[in-house]
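None of the values given here were measured: they were computed from a predicted structure.
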Amino acid sequence: MTTASAFHFESLVWDWPIAVYLFLIGISAGLVVLAVLLRQYYPKAAGSDSTLMRTTLILAPTTIIFGLLILILHLTRPWTFWKLMFHYSLTSVMSMGVMLFQLYMVVLVIWLAKIYEKEVITLQQKWLPKFSFVPRILSLFNRVVRFLDIIMLVLAVLLGAYTGFLLSALKSYPFLNNPILPALFLFSGISSGIAVALIAIALRYRKNVHNPESAFLHKVEGYVIWLEIFLLAAFFVGLALGDDGKIRSLTAALGGGFWTTWFWIGVVGFGFIIPLALKKWADKGLGASRVLIISGASLLGVFCLRFFVLYAGQLTVA
């Protein structure tokens, strides 16, 4: 497999826009999971001024929108995408995903509006004074705010796992048809959310990046990164112990060539070795540069993982 042909081969069905789509969806789900956990365990740090909450407010909806836009433009007939929004099939993974996206966006908007209720009402009174019903509608959710957190967490977890289910449903590709994939994509998505949030904190507090939010994120990161490593190892062990098709797919992915190099440098090097090796170095510094380097490497590692799984997974057909 040469570099020139690594992104173009006969068995390829889904190409790089799908990898970007999976990456963006993972960021949205990861940020929401972290935001809900912060609100549950450190409510004093999860106010409207929280960097994690602000990052979630901006990126959780926008990454979903951009991801779906990429997916729509990648369709054979993008102008017919609206049919997917209203015609559901419980036997179609894609259709189930559309239902999940719609429910996720509705609850996300309500959840964020309640968190930033004061700001929403201020903006409404300033720019849309005729919409006086907005405060009344928001007040209807006062009794179910905690329940909203739980629903939002469940939907974010389902969305993060769905990106893996979407690929594992491709039964003709033994590498992708793996039950570990949804869990791997869920936790790698949370890892990308942590990286994005830490980058946001570093950019906001350039001279002293250590605060309760970053401490919470680093604590979660310690569990997530080792879970990722365990799931990735389990993923490959499952292939090695599988049938002939799975063994061939494992050999094609890690037996040498472009995607093997991509995996060891991009996924393992940037995604795991750099963050783990430089963690103590980052903890000793107060400036933003160290956090930006390590979190940037971690984010790049997740991005490389999406590309590796998508492309290496399509090298071998059952």
Side-chain angles (χ1 to χ4, degrees), residues 26-60 63 111 115 146 149-150 152-161 183-234 267-268 270-303 305:
I27 290 176
S28 179
L31 282 172
V32 171
V33 168
L34 293 168
V36 174
L37 292 178
L38 183 67
R39 282 172 55 80
Q40 293 297 313
Y41 293 102
Y42 300 93
K44 292 182 179 180
S48 59
D49 191 51
S50 160
T51 305
L52 173 56
M53 299 309 299
R54 288 185 174 188
T55 305
T56 304
L57 172 67
I58 297 170
L59 291 183
T63 49
W111 181 68
I115 294 172
R146 196 169 184 84
D149 281 348
I150 297 173
M152 199 68 254
L153 178 62
V154 171
L155 290 175
V157 168
L158 289 175
L159 184 64
L184 177 61
F185 271 27
L186 169 61
F187 284 101
S188 66
I190 294 174
S191 182
S192 67
I194 293 171
V196 168
L198 287 173
I199 289 172
I201 291 172
L203 293 175
R204 185 179 183 186
Y205 304 102
R206 293 178 179 274
K207 295 183 179 180
N208 188 359
V209 296
H210 300 299
N211 56 39
E213 281 187 89
S214 61
F216 162 75
L217 291 170
H218 285 303
K219 185 177 181 179
V220 176
E221 184 182 34
Y223 294 105
V224 170
I225 194 168
W226 287 109
L227 269 171
E228 278 188 88
I229 293 172
F230 169 76
L231 289 169
L232 194 59
V267 179
V268 176
F270 284 102
F272 300 129
I273 293 178
I274 291 179
L276 289 173
L278 300 182
K279 187 179 185 302
K280 291 185 178 180
W281 174 70
D283 292 340
K284 292 179 181 179
L286 298 177
S289 58
R290 301 186 183 193
V291 175
L292 292 174
I293 290 171
I294 296 174
S295 296
S298 180
L299 193 61
L300 179 59
V302 175
F303 187 72
L305 176 64

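Environment of CZ in Arg204: crowded, with over 12 heavy atoms of neighbouring residues, nucleotides or ligands closer than 6.0 Å. By the neighbour-count criterion of 12 heavy atoms within 6.0 Å, atom CZ of Phe272 is densely surrounded, having more than that number from other residues, nucleotides or ligands.
Judged as a side-chain contact (heavy atoms from CB on, under 4.5 Å), and not counting sequence neighbours, the contacts of Ser48 are Tyr116, Glu119.
Under a 3.5 Å cut-off, the side chain of Ser298 and the backbone N or O of Ile294 do not form any donor-acceptor pair. With hydrogens and angles ignored, the 3.5 Å screen pairs no side-chain donor or acceptor of Glu221 with any backbone N or O of Ile194. Using modelled atom types, one side-chain atom of Ser214 and one backbone atom of Val209 make a donor-acceptor pair closer than 3.5 Å.
In plain terms, the two heavy atoms of Ser50 and Glu213 that are nearest each other are OG-OE1, 2.6 Å. Shown here for Leu217 and Ala197, the closest heavy-atom pair between the two residues is CD1-CB, 3.7 Å. Of all heavy-atom pairs spanning Ser295 and Leu198, the tightest one is OG-CB, 3.4 Å.
The list of side-chain hydrogen bond (donor to acceptor under 3.5 Å, both in side chains) pairs with a residue in residues 222-234, not counting sequence neighbours, reads Ser191-Glu228.
Residues Ile201 and Thr55 form no side-chain contact, since every pair of their non-hydrogen atoms from C-beta on lies 4.5 Å or further apart.
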Using distance only, find each side-chain donor-acceptor pair of residues 26-39 under 3.5 Å and give its atom names and separation, not counting sequence neighbours.
{"residue": "Ser28", "atom": "OG", "partner": "Ala60", "partner atom": "O", "Å": "2.7"}
{"residue": "Ser28", "atom": "OG", "partner": "Tyr104", "partner atom": "OH", "Å": "2.9"}
{"residue": "Arg39", "atom": "NE", "partner": "Asp149", "partner atom": "OD1", "Å": "3.2"}
{"residue": "Arg39", "atom": "NE", "partner": "Asp149", "partner atom": "OD2", "Å": "3.3"}
{"residue": "Arg39", "atom": "NH2", "partner": "Asp149", "partner atom": "OD2", "Å": "3.4"}

Exercise for the section: Quick one: do Val302 and Val267 satisfy side chain to side chain contact (heavy atoms under 4.5 Å, CB included)? Show the steps, please. Expected result: CA-CA 7 Å; Val302 175; Val267 179; over 6 Å; no

